[in-house]
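Counting starts at 1 for both ligands and their atoms, in listed order.
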Amino acid sequence: MNRIINQIQFLKYDLIEFDCVDSTMNVAKTFPSNSVVIAQSQSNGKGKSSRVWSSENNGNLYFSLILNANDDKLNYSQLSFLSGLAMREAIEKFNKSNSILLKWPNDILINEKKCCGILLEFDLLSKNLVIGIGVNIKTYPTNTMLNATALAIENINVERYNLLKEFLSNFNYFFDEWKRYGFSVIREKWIKNCYKLGKTIKVNEIEGIFKDLDKDGTLILETKNEVLYIKSGDIFI
Ligand code: BTN
């Protein structure tokens, strides 16, 4: 329990692997920025909206990346889109034959089933941002609201460290682009693989057409009577 079993350096990141933690989100807050906390399993894996993220020791990937977030001019919540993009491209590298789509705001679907979830938390004390990502590599839970899948089921065969390294190099690249050119470049790339864009969706119980992603990542929903700008929520079909 809570034992460091591996520690390596990759690019500018210090990767620290634990056997079991309650949640990498919590442990990450005890490490400096540019650290990545990985765990083989989590006893209290956190999902969005206080949901549980199933986190057994089964070869799936659970990690949190800690970044310094003290530049007031930057909108760090956009990094959830950037992280989704970086992980989508990482997954695609290991098999290009699937439909891998980004579901607003930050899920990844393979063949319409969820394989990856992303959670962002700000640590007010350190002013660090913690980006937590879970990827079903080998197995997937069956008791979920959305249909789920695992990479192995979709013929994507990769070990978690290789996927993590691919993610981190993509993340570095997009992070530099984002700092240099702003969100527009990320938005453009994100939208190319967006799930249900232009189609009828249900967000936060409201049905309408997913018209566009605003310049800051807000979802634009056209209902029968009005156009709504939705900043947070989940898409259900
Ligand atoms: C979601 O609900 O879609 C977000 C899931 C995020 C899960 C990851 S697993 C690694 C990190 N630690 C956690 O406790 N949660 C995130």
With only distance considered, is Trp53 within less than 3.5 Å of ligand 1 through an N or O on each side? no
Please identify which atoms of ligand 1 are closer than 4.0 Å to at least one heavy atom of Ile118. 3 (O), 4 (C)
Just heavy atoms, cut-off under 4.0 Å: does Arg51 contact ligand 1 by side chain, backbone, both, or neither? neither
Quick note on ligand 1: atoms under 4.0 Å from a heavy atom of Ser23 include exactly 12 (N), 13 (C), 14 (O)
May I ask you to identify the nearest protein heavy atom to atom 11 (C) of ligand 1, giving residue, atom name and distance to one decimal place in Å? Thr24 OG1, 3.2 Å
Cluster check Tyr173, Ile186: I/L/V/M/F/W/Y, side chain < 4.5 angstrom: yes
Does Tyr62, backbone or side chain, put an N or O under 3.5 Å from an N or O of ligand 1? no
Between Asn106 and ligand 1, which residue portion shows a heavy-atom distance shorter than 4.0 Å: side chain, backbone, both, or neither? neither
Please determine whether the number of non-hydrogen atoms from other residues, nucleotides or ligands lying under 6.0 Å from atom CD of Gln9 exceeds 12. yes
If I apply the N/O under 3.5 Å rule, does Gln42 come out as touching ligand 1? yes
Protein heavy-atom partner closest to atom 6 (C) of ligand 1 - residue, atom, separation in Å: Lys46 O, 3.6 Å
So if I count the atoms of ligand 1 from 1 in the order they appear, which ones are less than 4.0 Å from some heavy atom of Asp107? 3 (O)
Between Ile137 and Asn60, the two heavy atoms sitting closest are N-OD1, 2.8 Å
Using modelled atom types and a 3.5 Å cut-off, is there a donor and acceptor pairing between side-chain atoms of Asn98 and backbone atoms of Glu154? yes
Can Lys189 and Glu89 be counted as an ion pair, charged N to O under 4.0 angstrom? no
Considering both backbone and side-chain atoms of Asn44, is one of its nitrogen or oxygen atoms within less than 3.5 Å of a nitrogen or oxygen in ligand 1? no
Under 6.0 Å from the NZ atom of Lys215, do we count more than 12 heavy atoms belonging to anything else shown? no
For Gly45, the ligand 1 atoms whose distance to one of its heavy atoms is below 4.0 Å: 14 (O)
Of all protein heavy atoms, the one nearest atom 3 (O) of ligand 1 is Lys114 NZ, 2.7 Å
Among Phe174, Trp190, Phe81, which one satisfies ring pair (Phe, Tyr, Trp, His ring centres under 6.0 Å) with Phe183? Phe81
Does atom CD1 of Ile4 have more than 12 heavy-atom neighbours, drawn from other residues, nucleotides or ligands, at distances under 6.0 Å? yes
CD (Glu56) with more than 12 external heavy atoms under 6.0 Å: no
Just jot down the ligand 1 atoms closer than 4.0 angstrom to any heavy atom of Phe63, in number order. 10 (C), 11 (C)
Residue, atom name and distance, where the atom is the protein heavy atom closest to atom 2 (O) of ligand 1: Lys48 N, 2.7 Å
If the condition is salt bridge (charged side-chain N to carboxylate O under 4.0 Å, His left out), which residues does Lys48 pass it with, not counting sequence neighbours? Asp107, Asp234
